[in-house]
Structure formats: C-alpha cells, structure tokens
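The structure appears below as structure tokens.
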Protein chains: 2
Amino acid sequence: MYIVIMQNDELYQIVWMSRPLMQAAEAAVERGLADTDLTVRMRAVLEVLHAEGDMTVPDIAAHLDIKRQYVQVMVNETLASGLTRQCPNPRHKRSPLLALTDTGRALIAQVIEREMALVQTIGADLPSADVSTALRVVRMLTERLRKEGAEI
Amino acid sequence: MYIVIMQNDELYQIVWMSRPLMQAAEAAVERGLADTDLTVRMRAVLEVLHAEGDMTVPDIAAHLDIKRQYVQVMVNETLASGLTRQCPNPRHKRSPLLALTDTGRALIAQVIEREMALVQTIGADLPSADVSTALRVVRMLTERLRKEGAEI
DNA sequence: TGCATAATGACAATATACATGTCATTTTGA
DNA sequence: TCAAAATGACATGTATATTGTCATTATGCA
C-alpha cells in the first residue's frame, strides 16, 4: 500500500509502481500454487535449489537475503513434505546439504514452467526491445536507490 | 525476499525485480524520513491528503487500498503529532474530514520535494524515452497480472 | 416519516513474514 | 591447540497489516 502518484515525473512513478507490481506478482504466484501443497515460502526454497543446486541452510539464506533462522523454518517445511532431503556435506559435518527430491524437482519445474507461460502470454504483444529497455531501467533504478544509502 | 532469477525471459525478470526495487525504494524513503518525526505510514496519510485534498478515514483507506481500521491507527498518529486535524464534514456528521495542518502541509511538501530531487539525480543520465517505455511496460505488466486472476 | 440497513470510530484478537536473542554443539582457522 | 565462528534448534519480539465486534450514528427507501 502507501502508493499515491502525485507528480509527472515518470521515474518517480516507476518507483511508486514497485509495490503494486510486486503485489500483483505475488498474488499471481499464489494463484499458481493454489492447486499444489506448496506455500510461497516453500516455493522459494525449491526455486533456489533448482536454480543453484544443493546447498546448506545458511547458503540459502544468503541467496534469499533473509536470516538463516527463518530459512531453517522454511526448509524444515520442505523436508517434512518430502520435497527436499538432507545429504551429507563433505565440507561441513553439522550442516547438511539440502537437495531436491524427485518429487520436489518435478513440482518446482512445473510451477516455474506455468509461471513462465503466464508471463509469456501476458507480454506477447510487448515489443521485446521495450521489455529490454524496461528491465535495464528497473535494474539501474534499483541499484542506484540502494547505493544512495550506502555512500551517504 | 524470495527472489531468484532463473531464465532468460526478460519480462519474467522484471516481475522478479519488483521486490528488490520496492525494498530499495522503501529503504530510501525511510532514510529520507530519518531526520523528521514521520514514520512511513504517517507519511502515506499526509501524501494522500496532499495529493487529493481533505477526506475521511474510509476515503483514505480506499485510496491506499488497506482496511479502514488500520488507516484509523495511522491517521490517529498524524492527529497526535499535529500534522492533521479534523474538520466538520457536511456530508457525514460522525466522520470528520481530515485536513493537513500548516505544519503537516509544509512537512509533506518538503519530504516529497527531496524524494523527487533524489530520483531526478539518480535518473539524470537515463534517456527520457527509455523511462517512458519502462513506465509503460511496468504499468501494463501490473494491470495484466491483476486481471489474469480476475477473469480465471 | 419511520425503520431496516449501512457506515463509522474504537478496540481487541489474530495472522504473516520476518528479525533478534540465546544456547549447546561442532567446526574452523590462526 | 584453542579461541572464535558457524550451525541447528528454539523462544521471543516486531512491523504491517487483517478480521471481528460493538455502540453509535447516518442513510435510503417503503
């Protein structure tokens, strides 16, 4: 919430569109998960493992930029559902590697495939040059808004 | 959190950038409020009144798309700080119009001015055509992600 | 005009998505 | 080798809301 667009500055408007966009995106993700037993946070764990391969809880936390204690909760849910399993970690005996089970791998692959298809449909008529431009602007804006705090 | 970019689909990447962008933006807003006595949610109330003029608590809730009960809390804080005041509402005797006080008006104007200046600085070298394109893409994406849920 | 219904402020309880603190047990690195 | 860091587990705290309820008006329509 907290969004009101006041001036005619388009960059400012992009900034204030970030919340509505995120909410629309998260709602779409939730709808996509409705017929699975996945929650959004379990999906996040599976997605990291799917994208980056096996890793420990602290590694996942670093990737998601949230605290390891909360990631532990998320991971424990995926373990309980049989979507991930613990494997011996040669680099650390007390911190097992988390890996997708076959079930987990199939599920996250299917979820992501559907999401991609949805976005594809939604953006079918957008010129790909425009999409590239938009992505570049959004990335730059994000990066600079972050930096601005660091250097002051 | 919950963000990992996996495929080379740029529209999909824009969707997943929405959370980092929003977080960067909100952090920047918070930094901007650091030397005031405003909180982010008080700022939201002032911004609506500044943009749209006097209105009741339920009206503000509609504008911010959050429940009136929570907006009431936010508004009461701005009343306690002397940034807004209640005016008789000719259209409804039990639901006063909220209006900015002079202090409140000056404060929100200054805050927004600084935010605009920051965004201006940050985007100084971005071609304005690119910014327009990006805004258009972001708006369309948001709208369609919302719609997709409504019609299914 | 009267009366059912809706709107409003106020307050309490609950939910979600995290962060923070602590502890015992390893594990690591200087 | 041993102090410091990492890890899992668990408890508690916090910000940002939603939901429920109630008493008190307002409102709209028969």
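The shown structure was predicted, so the numbers you read here are calculated from the model rather than taken from an experiment. Numbers restart at 1 for each chain; the letters A, B, ... are given by sequence-line order, proteins then strands. Just so you know, these numbers use all the heavy atoms, side chains as well, and skip hydrogens, waters and symmetry mates.
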**Distance in angstrom units between A:Gln23 CD and C:dA17 P, rounded** = 13 Å
**Item:** Interatomic distance where CD1 belongs to A:Ile66 and P belongs to C:dA19 [whole Å]
**Value:** 6 Å
**Message:** If you compare all heavy atoms of B:Ala24 against all heavy atoms of A:Thr142, which two are closest, and at what distance to 0.1 Å?
**Reply:** CB-O, 3.9 Å
**Request:** Indicate yes or no: at least one non-hydrogen side-chain atom of A:His63 is less than 4.5 angstrom from one of A:Glu52.
**Result:** yes
**Fill in**
When rounded to whole Å, the NZ to P distance for the pair A:Lys67 and C:dT22 reads 15 Å
**Prompt:** Between B:Gln13 and B:Asp9, does any side-chain donor sit less than 3.5 Å from a side-chain acceptor?
**Reply:** no
**Prompt:** Looking at A:Asp102 and A:Arg85, does any basic side-chain N land under 4.0 Å from a carboxylate oxygen?
**Reply:** no
**Fill in**
Taken to the nearest whole Å, CG/B:Asn89 to P/D:dA26 is 10 Å
**Degree of bending, the helix from C:dT1-D:dA30 to C:dA30-D:dT1 (end axes from five pairs; round to 10°)** = 30°
**Request:** For the pair A:Glu143 and A:Arg139, find out whether any cationic side-chain nitrogen is under 4.0 Å from an anionic carboxylate oxygen.
**Result:** no
**Asked** For every nucleotide of nucleotides 7-13 of chain C, 5' to 3': is a protein heavy atom under 4.0 Å from its base (B), only from its sugar-phosphate (S), or from neither (-)?
**Response** -BBBB--
**Request:** Calculate the interatomic distance between A:Arg91 atom CZ and C:dT28 atom C1'; express it in whole Å.
**Result:** 11 Å
**Prompt:** Given atom CZ of A:Arg41 and atom P of C:dC18, what is their separation to the nearest angstrom?
**Reply:** 9 Å
**Message:** Expressed as a whole number of angstroms, how long is the span from A:Tyr70:OH to D:dA11:P?
**Reply:** 17 Å
**Nearest-angstrom distance from the residue atom CD of B:Glu26 to P of D:dA15** = 14 Å
**Asked** With a 3.5 Å cut-off and no angle check, do the side chains of A:Thr56 and A:Asp59 form a donor-acceptor pair?
**Response** yes
**Message:** I'd like to know if A:Glu115 pairs up with A:Arg43 as an ion pair, taking the criterion as any Lys NZ or Arg NE/NH1/NH2 lying under 4.0 Å from an Asp or Glu carboxylate oxygen.
**Reply:** yes
**Request:** Determine yes or no for a side-chain-to-main-chain donor-acceptor pair under 3.5 angstrom, with B:Arg114 supplying the side chain and B:Gly32 the backbone.
**Result:** yes
**salt bridge (charged side-chain N to carboxylate O under 4.0 Å, His left out) contacts touching residues 67-80 of chain B (sequence neighbours left out)** = B:Arg41-B:Glu77
